[in-house]
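No hydrogens, no waters, no symmetry mates; every other heavy atom, side chains included, goes into these values. Position 1 is the first residue of the sequence; numbering continues from there. All of these numbers come straight from a predicted model, not from anything done at the bench.
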Amino acid sequence: MESAPGVPCPALDRDLQVDVAVVGGGIAGLSTAWELARAGRSVAVLEAGRIAAGVTGNTTAKLSALHTLIYADLASSAGPEAAALYARSQREAIAHLIATATELGVDCDIERVPSLTYVESADGVGKLKAEAEAAEQAGLPASFVTESSLPFPIAGAVRVEDQAQFHPRAYLLALAEAMTGMGALVFEGTRVVGLKEGSPCRLTTSEGLTVTATDVVVATHYPIFDRSLLFARMEPHRELVVAAAIPADQDPGGMFITTEQSTRSVRTAPYEDGQRLLIVTGESFLPGSGNVGDRLERLRSWTVERFPGARPTHWWAAQDNDTTDGVPFVGPLHPGAKHAYVATGFGGWGMSNGVMSGLLLSTLITGGGSPWAGLYDPRRLRPVREAGPALKLQATVAKHFVGDRLSTAGTGAQDAIDLLPGEGTVVKNGGKRCAVYRDETGTLHAVSAICTHMGCVVGFNEAERSWECPCHGSRFGVDGAVLQGPAVTPLEKVDLASGDEDTSG
């Protein structure tokens with residue numbers, strides 16, 4: 001975000017009619033809009049915030065077809081052909097992005113490097129050997145290795161050659177500029193809140209404007225319109241990121257990930273002269289589950305311990321959604337949909353999957369076919385693979401939806417008064433749960449603690465100063481403003497009785 005600030009796009013200020021309306025301006029939405037604009041369709045992108053600044057703006061940007069441990073599981077549950085289609089779709093997406101960047105002359109720091117999924121414990125070696133074999137059978141240049149260029153020993157790794165890392169925002173801002181040159185429209189600060197399907201479809205914004213379109217693509221990371229119950233088949237997770245400057249000669253020269261230690265992901269990027277920017281992701285957690293500060297400290301400590309020359313410069317967090325069968329949902333929005341489409345559930349691999357989504361959805365909308373349309377179809381059902389994860393997911397949602405309402409909470413004014421600057425808590429006030437935060441000036445801010453998406457109780461993220469829903473991942477500012485969907489409506493402001501305290505929303 002610092003190295004590619006971009007020029008703001010205008011907000012929608014009128015009713016509009018186009019061939020295709022794309023809701024969401026991340027890599028999936030912009031890639032879809034780009035492909036459709038090239039195909040001659042009139043397109044409008046509607047982004048609630050800034051384009052390429054939400055999940056895409058916080059990604060670690062690995063362009064890899066090796067997605068941790070998917071190929072062995074997919075071959076076992078859906079068959080070797082499904083695994084081969086998955087691998088082919090990811091490889092073609094990576095090649096397409098690189099070709100597009102070359103065509104447009106975009107300087108987006110594309111570097112070809114190997115991708116490795118590793119373990120430090122010998123207990124995980126068996127799974128990695130099986131994954132290496134399945135990935136190779138699926139068509140990837142994969143092998144099992146016992147050494148890496150990391151500055152610490154590993155027990156084993158799956159290694160796939162010739163993958164890539166890049167600067168996604170630099171790429172996508174250039175893509176947006178190129179498509180507007182073709183006549184596409186890109187709007188920021190435009191929140192879509194309603195969809196009426198039909199011939200044509202009609203979208204409504206929070207400002208009461210209408211966008212009429214033959215086809216609509218919902219690419220909002222987590223779908224803001226969920227008419228096929230995808231929320232019952234996706235689990236949000238959030239991960240912290242620490243960036244640190246390291247001497248260029250300490251660059252491990254690859255992309256690395258392990259599911260051990262609550263995930264550890266490593267890559268580097270160009271930085272100042274003689275240095276590289278080490279980017280370490282990990283400490284996966286459920287939004288709203290708390291203890292984020294402790295998790296951040298663990299990740300910082302791991303980074304400087306494993307890379308002794310590292311000098312931390314930045315930290316942030318990213319979020320994604322895992323599907324119950326490990327494969328994204330890309331295709332018709334629901335079983336009866338004729339002109340509404342969705343792209344979601346990328347499971348932490350949104351760069352290749354975002355480009356893949358653009359290619360697949362543009363093909364479906366323009367009347368073409370794709371060999372992997374069925375693999376990603378949101379209407380698919382894979383009971384054997386999905387039953388266990390789905391039951392676990394719904395148990396987690398039920399725990400928060402019901403349990404958080406029954407749990408003990410503060411009783412209102414006194415608990416709020418006891419908050420220190422930068423702290424937040426959920427209290428009961430007049431029988432209702434309120435989310436209360438004290439800012440650095442000492443002022444209290446109180447909003448409803450009930451998520452406006454489906455009514456779960458939010459939790460406080462003390463590191464990022466935000467309220468988060470543990471059920472479906474919606475995030476809100478301390479003033480109740482929507483930071484991340486699927487919620488589209490802010491948390492309601494609350495008057496909290498607090499004696500002489502100054503309470504404001």
Side-chain angles (χ1 to χ4, degrees), residues 23-24 28 55 67 70 73-74 77-78 82 86 192-195 197 216-239 284-289 319-337 340-350 353 357 361 373-406 450-459 468-476 482 484-489:
V23 187
V55 174
H67 296 173
I70 190 172
D73 283 347
L74 191 55
S77 62
Y86 188 93
V192 173
V193 297
L195 166 61
E197 295 181 56
V216 169
V217 174
V218 180
T220 55
H221 184 60
Y222 197 111
I224 57 172
F225 308 116
D226 195 2
R227 298 173 183 181
S228 57
L229 301 182
L230 294 184
F231 67 85
R233 300 166 67 193
M234 290 199 304
E235 182 175 30
H237 70 269
R238 196 158 181 80
E239 290 181 341
S284 181
F285 63 97
L286 189 69
S289 58
Q319 190 160 311
D320 220 306
N321 304 299
D322 296 318
T323 67
T324 45
D325 67 355
V327 177
F329 296 128
V330 184
L333 182 60
H334 57 83
Y341 302 84
V342 68
T344 188
F346 298 153
W349 300 100
N353 275 312
S357 297
L361 292 176
L375 175 67
Y376 295 105
D377 194 326
R379 301 167 297 185
R380 68 183 184 265
L381 290 174
R382 297 183 180 130
V384 174
R385 182 172 172 83
E386 293 192 60
L391 288 172
K392 181 180 177 181
L393 171 59
Q394 292 316 301
T396 300
V397 172
K399 170 188 172 183
H400 288 286
F401 189 82
V402 178
D404 288 353
R405 282 173 163 74
L406 300 177
I450 305 303
C451 178
T452 56
H453 174 232
M454 291 190 67
C456 290
V457 178
V458 298
E468 299 176 347
C469 175
C471 292
H472 306 109
S474 295
R475 301 179 63 245
F476 306 86
V482 177
Q484 190 162 358
V488 296
T489 305

Name of the residue among Ser474, Pro236, Pro486 meeting side chain to side chain contact (heavy atoms under 4.5 Å, CB included) with Cys469: Ser474
Minimum-distance pair of heavy atoms, taken over all atoms of Leu333 and Phe225: CD1-O, 3.6 Å
With Val342, the side chain to side chain contact (heavy atoms under 4.5 Å, CB included) member among Pro332, Pro223, Pro328, Ser357: Pro223
Plane angle bin for Tyr86 and Tyr376 - parallel if under 30°, tilted between 30 and 60°, otherwise perpendicular: tilted
Minimum side-chain heavy-atom gap Thr323-Met234 below 4.5 Å: yes
Smallest separation among heavy atoms of Arg380 and Val327, with atom names: NH2-O, 2.5 Å
Set of side chain to side chain donor-acceptor pair (under 3.5 Å) partners for Tyr222, sequence neighbours left out: none
Side-chain touch Tyr341/Val216, heavy atoms, less than 4.5 angstrom: no
With Glu239 via salt bridge (charged side-chain N to carboxylate O under 4.0 Å, His left out) - residues at least two apart: none
By side-chain contact (heavy atoms from CB on, under 4.5 Å) - contacts of Asp320 (at least two apart): His221, His237, Phe346
Test side-chain contact (heavy atoms from CB on, under 4.5 Å) applied to Thr220 - qualifying residues, sequence neighbours left out: Val23, Val218, Ile224
Sequence-distant partners of Ser289, side-chain contact (heavy atoms from CB on, under 4.5 Å), two or more places apart: Phe285, Leu286, Arg295
Minimum side-chain heavy-atom gap Thr452-Phe476 below 4.5 Å: yes
Residue pair Thr344 / Leu230: nearest heavy atoms and the distance that separates them: CG2-CD1, 4.1 Å
With sequence neighbours excluded, residues passing side chain to side chain donor-acceptor pair (under 3.5 Å) with Gln319: Arg238
Residue pair Thr489 / Val193, side-chain heavy-atom distance below 4.5 Å: no
